[in-house]
Novice: 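One structure follows; several queries about it will come next.
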Amino acid sequence: MNVGFVYDPIYLKHDTGQHVENARRLEAIISHLEQTRLKEQLTAIEPRAASIEELLLVHHKEHVSQIQEVARRGGGWLDPDTVMSPDSYEAARYAAGGTIRATEAVINGEVNSAFALVRPPGHHATPTRAMGFCLFNNVAIAAEYALSKYELERILIIDFDVHHGNGTQEIFYDNPQVLYISTHEYPFYPGTGSIEETGSGAARGTTLNIPLPGGCGDAEYLQAFEQVIAPAAKRFAPQLILVSAGYDTHWADELALMQVSVTGFAQMVKITKRLADELCNGRLVFSLEGGYNLNALATSIKATFDVLLGCIDIEDTLGQPPRRFAVPDVTPLIKKIREVHALP
Ligand SMILES: [Zn+2]
């Protein structure tokens with residue numbers, strides 16, 4: 001398997017200071033991939049800056065101008081969670097462009113699958129505003145780019161970040177060409193992502209939310225992947241799968257209450273890869289969203305690459321969670337979601 005990755009030091013220049021979403025995240029990932037000699041097995045894909053036209057595929061002109069202007073003035077806070085430095089506009093254009101490049105490389109057959117190791121993350125960014133550490137919606141921009149440039153008709157986005165990707169949902173809410181599926185802790189930030197949000201008009205059914213109670217671990221996530229995501233993906237028959245890959249779902253991550261392990265992420269990636277192999281010639285692109293425990297983040301991303309490379313042995317040095325919370329029974333919830341979406 002030829003697996004690509006996108007990385008560039010420009011992503012470190014989005015300087016957020018002591019913020020939980022900081023450059024040390026990518027430094028930890030790259031250094032772990034180097035130490036474990038995994039990086040040598042991957043194909044480097046050069047990112048580029050997304051053009052203004054590409055940003056406008058998703059965002060309003062005023063939003064793009066505002067981000068540009070805040071950077072030009074030296075940075076600042078856009079909301080209580082989201083901060084910019086002078087180089088953040090450039091880094092954010094490269095984060096979107098990096099996800100586009102990973103997508104192009106997969107569609108053109110340069111690599112079988114790819115992971116864009118970028119920041120700032122994207123899935124909370126809406127057409128009109130930055131929020132939740134996100135400036136531009138990297139995955140949504142790559143999806144719109146693939147729809148227009150390659151004339152694709154059906155793209156599946158799977159979002160396993162612990163937070164709901166409200167931005168991505170909003171962008172594609174009335175677009176039947178994109179099936180957006182999100183697993184997330186609920187109720188939780190940003191507040192959206194209920195079962196009843198399913199898309200509008202001709203796109204009814206192409207937003208699929210799996211709002212999980214805090215405390216879910218590997219077994220509950222696998223249940224969601226096997227009983228909801230897999231049948232929904234098969235019915236939709238995508239030509240490309242994009243993944244908003246957030247690792248704040250890990251039990252050691254302090255931003256949320258989920259109890260997924262590195263092994264659990266590997267199993268979720270395995271199911272996703274199997275779906276891509278079955279449905280769309282293996283076309284599979286990951287883009288980094290959250291994940292704030294550096295050790296869990298780096299180890300989980302290595303495990304993701306291992307699965308993409310076809311490795312069977314996954315190293316999980318962090319192991320299973322200390323079971324801080326009771327594990328909820330998600331069977332009734334999964335049943336209800338299957339009914340709402342009339343899944344086979
Ligand atoms: Zn998140």
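Whatever order the structure lists them in is the order used to number ligands and atoms, beginning at 1. If you read the sequence from its start, that first residue is 1, and numbering goes on from there.
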Novice: With the Zn ion (ligand 1) as the reference point, give the N/O/S atom of D161 that is nearest.
Specialist: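 Restricting D161 to its N, O and S atoms, the minimum distance to the Zn ion (ligand 1) goes to OD1.
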
Novice: Strictly under 2.8 Å, is the Zn ion (ligand 1) approached by any N, O or S atom of E289?
Specialist: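 No, since none of the N, O or S atoms of E289 sits under 2.8 Å from the Zn ion (ligand 1).
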
Novice: Test of understanding: with ring-ring contact (aromatic ring centres under 6.0 Å, His included), list the residues that count as partners of Y180, not counting sequence neighbours.
Specialist: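 If we apply the ring-ring contact (aromatic ring centres under 6.0 Å, His included) test to Y180, skipping adjacent residues, there are no hits.
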
Novice: Tell me whether the centres of the aromatic rings in H63 and F136 are closer together than 6.0 Å.
Specialist: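 Centroid distance H63-F136: below 6.0 Å, so yes.
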
Novice: Flag the pair R24 and E27 as a salt bridge only when some basic side-chain nitrogen lies within less than 4.0 angstrom of an acidic carboxylate oxygen.
Specialist: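 A salt bridge is absent here (no side-chain N lies under 4.0 Å from a carboxylate O).
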
Novice: To make sure I understand the geometry: which N, O or S atom in H163 is closest to the Zn ion (ligand 1)?
Specialist: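 So the atom name we want here is ND1.
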
Novice: Write the atom name of the N, O or S atom in D248 that is nearest the Zn ion (ligand 1).
Specialist: OD2

Novice: Indicate the ring-plane relationship of F305 and F5, choosing parallel, tilted or perpendicular according to the 30° and 60° boundaries.
Specialist: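 Taking F5 first and then F305, their aromatic rings stand perpendicular (interplane angle over 60°).
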
